[in-house]
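Atoms considered below: every heavy atom in the structure, side chains included; atoms not considered: hydrogens, waters and symmetry mates.
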Amino acid sequence: MANFVRKMFIIALAVFVIGAPLLYWRYHLTTTKRLREVTPGRFYRSGQMTVTGFEDTLEKRHIRMVINVQNEFPDPDLRLSFLDWRTEKESEVCRRHGVKYIFLNADLVSRRTVPGNQPQVITQFLQIMDDPANYPVLINCKAGLHRTGCLVAVYRMEYEGWSAHESIEEMKDMGFGEMACTSANDYITQYVLAYEPRRRLRSLAPLSPWGRGDGGERKIARPSPPSPVPQGERGKCLAPATPQAANGGEP
């Protein structure tokens, strides 16, 4: 009898030691779904959270604009919490918190038109990010890896001066996938490799007398870009803001 009790105790202990961390990981993943800081205080990325994690993020990060890029779910149903499978629309949560909500379709164009043509969503995304009144911004998709990663790469190259190579390396670090980050992937080609930041295009455009500033450059008004991110802060994963948002998301 004593041996039986001892064996059961060992089995129970093993289940606890192995199961507890897995349960915590799943809770954290489900609740905050890969919430990460892109630019401190300005731009954040994530996957589809629970209402608990989403509300905590909106409040603690002072989010003003949420961009959803889930093609299949323009307004996804969010689970209320890890254990509560009832749902609420993402846009409704934003409405209750006074946060602007927009759906962008992460499209692709015909391969035959690239380079020279780009997905329409890039222009729409830049229009949002050009407006200082929209910050802080949170962008999300289902997993917070692929469609989100592509537009974060556009942001890095456009506003922070990153190269395509640096952007792709960050995408790999964030979980995009080593094999997926190649020119064989249309998203990588059209959103990253073929993307030309607007300042680079302007520097190549012919100048005319009416468009020159004092230094001979074309004078174009635009919002000031975010400050560059220090090397050590790039792709920083956020710690949960409160105990109830301490864990979360889905694979």
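Gln48 and Gln70 form a side-chain donor-acceptor contact under 3.5 Å, judged by distance and modelled atom types alone. Side-chain contact check for Glu158 and Tyr195: at least one donor-acceptor pair (N or O, by modelled atom type) lies under 3.5 Å.
The two residues Asp75 and Asn68 come nearest to each other via the heavy atoms N-ND2, 4.1 Å. Shortest non-hydrogen contact noted between Val121 and Ala106 is CG1-CA, 4.0 Å. When all heavy atoms are compared, the tightest approach of Cys94 to Val66 is SG-CG2, 3.8 Å. Contact detail for Leu108 and Pro119: the closest heavy-atom pair is CA-CG, 4.4 Å. Gly41 and Pro136 make their closest contact through O-CG, 3.3 Å (heavy atoms, listed as atom of the first residue, atom of the second, distance). Between Val99 and Met65, the closest heavy-atom pair is CG1-N, 3.9 Å.
From Cys181, atom SG reaches atom CG of Asp173 across 9.5 Å, with rounding to the nearest 0.5 Å. Remark: Ile188 CD1 to His146 NE2 distance equals 9.0 Å, nearest 0.5 Å. For the atom pair Asp56 CG and Arg61 CZ, the distance stands at 7.0 Å (nearest 0.5 Å). In this structure, the separation between CD1 on Ile67 and CD1 on Ile102 is 7.0 Å, given to the nearest 0.5 Å. Between the CZ atom in Phe82 and the OG1 atom in Thr52 there is a gap of 11.5 Å [rounded to 0.5 Å]. For the atom pair Phe176 CZ and Thr148 OG1, the distance stands at 10.5 Å (nearest 0.5 Å).
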Would Glu170 and Arg156 satisfy salt bridge (Lys or Arg N to Asp or Glu O under 4.0 Å), going step by step from the backbone distance to the final call? CA-CA 10 Å; Glu170 181 183 56; Arg156 293 294 199 193; 2.6 Å; yes
Determine, stepwise, if the pair Arg111 / Asp186 fulfils side-chain contact (heavy atoms from CB on, under 4.5 Å). CA-CA 8 Å; Arg111 293 180 178 180; Asp186 286 339; 2.8 Å; yes
Should Thr87 and Leu78 be marked as a side-chain contact (heavy atoms from CB on, under 4.5 Å) after you check the CA-CA gap, both sets of side-chain angles, and the distance that decides it? CA-CA 5 Å; Thr87 63; Leu78 307 185; 6.0 Å; no
Audit row: Lys100, Asn134, side-chain contact (heavy atoms from CB on, under 4.5 Å) steps and yes/no: CA-CA 8 Å; Lys100 291 179 283 186; Asn134 290 330; 2.4 Å; yes
Determine, step by step, whether Met49 and Leu35 satisfy the side-chain contact (heavy atoms from CB on, under 4.5 Å) criterion, reporting the C-alpha distance in whole Å, the side-chain angles of both residues, the deciding distance to 0.1 Å, and the verdict. CA-CA 9 Å; Met49 309 183 207; Leu35 174 64; 4.1 Å; yes
Assess whether salt bridge (Lys or Arg N to Asp or Glu O under 4.0 Å) is satisfied between Arg147 and Glu72, documenting all intermediate values. CA-CA 12 Å; Arg147 290 163 289 191; Glu72 66 277 23; 2.7 Å; yes
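Asp107 places a side-chain N or O within 3.5 Å of a backbone atom of Gln120 that can act as its donor or acceptor partner. Ser163 places a side-chain N or O within donor-acceptor distance of the main-chain N or O of Glu166, the cut-off being under 3.5 Å. Of the possible donor and acceptor atoms, one in the side chain of Asn185 sits under 3.5 Å from a partner among the backbone N and O of Ala180. Using modelled atom types, no side-chain atom of Ser46 and backbone atom of Arg34 make a donor-acceptor pair closer than 3.5 Å. The backbone N or O of Val192 lies less than 3.5 Å from no partner atom in the side chain of Tyr187, so there is not a single donor-acceptor pair.
Between Arg96 and Glu88, the closest side-chain pair of non-hydrogen atoms falls below 4.5 Å. Side chains of Val152 and Ile139 form a contact here, defined as non-hydrogen atoms less than 4.5 Å apart. The side-chain heavy atoms of Arg45 and Asn140, taken from C-beta on, include no pair separated by under 4.5 Å. Residues Ile128 and Leu104 form a side-chain contact, since some pair of their non-hydrogen atoms from C-beta on lies under 4.5 Å apart. At least one side-chain heavy atom of Gln118 sits under 4.5 Å from a side-chain heavy atom of Thr123.
Cluster annotation: Leu145 and Leu138 are assigned to distinct hydrophobic clusters (Ile/Leu/Val/Met/Phe/Trp/Tyr, side-chain heavy-atom contacts under 4.5 Å, transitive). Two different hydrophobic clusters hold Val114 and Phe125 under the rule that ILVMFWY side chains link at heavy-atom gaps under 4.5 Å. A single hydrophobic cluster is seen to contain both Met171 and Met157, as judged by linkage of ILVMFWY side chains at heavy-atom distances under 4.5 Å, directly or through other members. The hydrophobic cluster containing Tyr44 also contains Val93, counting ILVMFWY residues as joined when their side-chain heavy atoms lie under 4.5 angstrom apart, directly or transitively. No continuous path of hydrophobic side-chain contacts links Val51 to Phe73 [ILVMFWY only; heavy atoms under 4.5 Å].
Relative ring orientation between Tyr159 and Tyr155 is described as tilted, the plane-to-plane angle lying within the 30° to 60° band.
With respect to Arg95 and Glu90, no salt bridge is recorded, no charged nitrogen being found less than 4.0 Å from a carboxylate O. A salt bridge does not link Arg79 to Asp84: none of the charged side-chain nitrogens sits closer than 4.0 Å to a carboxylate oxygen.
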